[in-house]
Amino acid sequence: MSDKLNILILTLKTGEEVVSNVKDHMETVDGVERKVCYNMIYPFVLTKSGPLQEGNQVGMLLTPWKIFSCDTSFLIGFDQVINMCTPLPSVTEQYKQACDQFIKAMAEMQK
C-alpha cells in the first residue's frame, strides 16, 4: 500500500459504511479532464462487533466490500455516496492491516 493514501469512511446510499482508499476518477469529457466518479481502492465494509466497551470503545469487523471479486478497485458514482469522513487513527491502522492480509491472501490464491 504505497502511493499517497486518502483513507476515508463512506456512507453509501445502501446504508453500508465502507472504509477505503478513495481517489477521484478522471476522464476526458468533451476535451476537458473532469472528475466523473470516485475510485474506491481496497474497500472494506465496516461493521460494529460486540457491545460498547469501557471508554466508549467498540470492536469492529472489516470485510471486503465485494467478497466474491478479485478486483481491488471499484468505480462508484457521486450519487451513491451520502457522505465521507476521516476515520479514527485506530480504524486507519486496522484498515491497513486488513489490506495487507487481503493482498497476501490474493497472492496465495494465485499460486
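Atom CD of residue Gln94 and atom CG of residue Leu61 lie 9.5 Å apart, to the nearest 0.5 angstrom. Within the model, atoms NZ of Lys23 and SG of Cys37 stand 14.5 Å from one another, a figure rounded to the nearest 0.5 Å. Rounding to the nearest 0.5 angstrom, the gap separating the CG atom in Leu88 from the CE atom in Met60 is 8.5 Å. Interatomic distance, Ser20 OG to Tyr42 OH, rounded to the nearest 0.5 Å: 11.0 Å. One distance of note links CD of Gln80 with CE of Met40; it measures 10.0 Å at 0.5 Å rounding. To the nearest 0.5 Å, the span separating CZ on Phe44 from CD on Gln101 amounts to 8.0 Å.
Val19 places none of its side-chain heavy atoms less than 4.5 Å from the side chain of Leu8. No side-chain heavy atom of Thr72 sits less than 4.5 Å from a side-chain heavy atom of Met106. The side-chain heavy atoms of Leu46 and Tyr95, taken from C-beta on, include no pair separated by under 4.5 Å. In this structure, the side chains of Gln97 and Leu62 stay at 4.5 Å or more apart for every pair of heavy atoms. You'll find the side chain of Lys66 stays beyond 4.5 Å of the side chain of Asp71, heavy atoms only. Looking at Phe74 and Pro43, their side chains come closer than 4.5 Å, going by heavy atoms from C-beta outward.
Placement of Val36 and Val32 in two distinct hydrophobic clusters is found when ILVMFWY residues are connected by side-chain heavy-atom separations under 4.5 Å, directly or transitively. Note: the hydrophobic cluster containing Val18 also contains Phe78 (ILVMFWY, side chain heavy atoms under 4.5 Å, direct or indirect links). Under the 4.5 Å side-chain heavy-atom criterion for Ile, Leu, Val, Met, Phe, Trp and Tyr, Ile103 and Met109 are members of the same hydrophobic cluster.
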key: Test side-chain contact (heavy atoms from CB on, under 4.5 Å) applied to Ile76 and Tyr38, step by step   = CA-CA 5 Å; Ile76 187 164; Tyr38 295 117; 3.9 Å; yes
task = Go through Ile41 and Val22 one step at a time and tell me if the side-chain contact (heavy atoms from CB on, under 4.5 Å) criterion holds.
result = CA-CA 6 Å; Ile41 304 160; Val22 180; over 6 Å; no
query = Leu12 and Ile82: side-chain contact (heavy atoms from CB on, under 4.5 Å), yes or no, with the steps?
reply = CA-CA 5 Å; Leu12 303 182; Ile82 294 173; over 6 Å; no
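For Asn21 (side chain) and Asn6 (main-chain N/O), a donor-acceptor pair under 3.5 Å exists by modelled atom type.
Nearest heavy atoms, Thr92 versus Pro87: OG1-CG, 3.4 Å.
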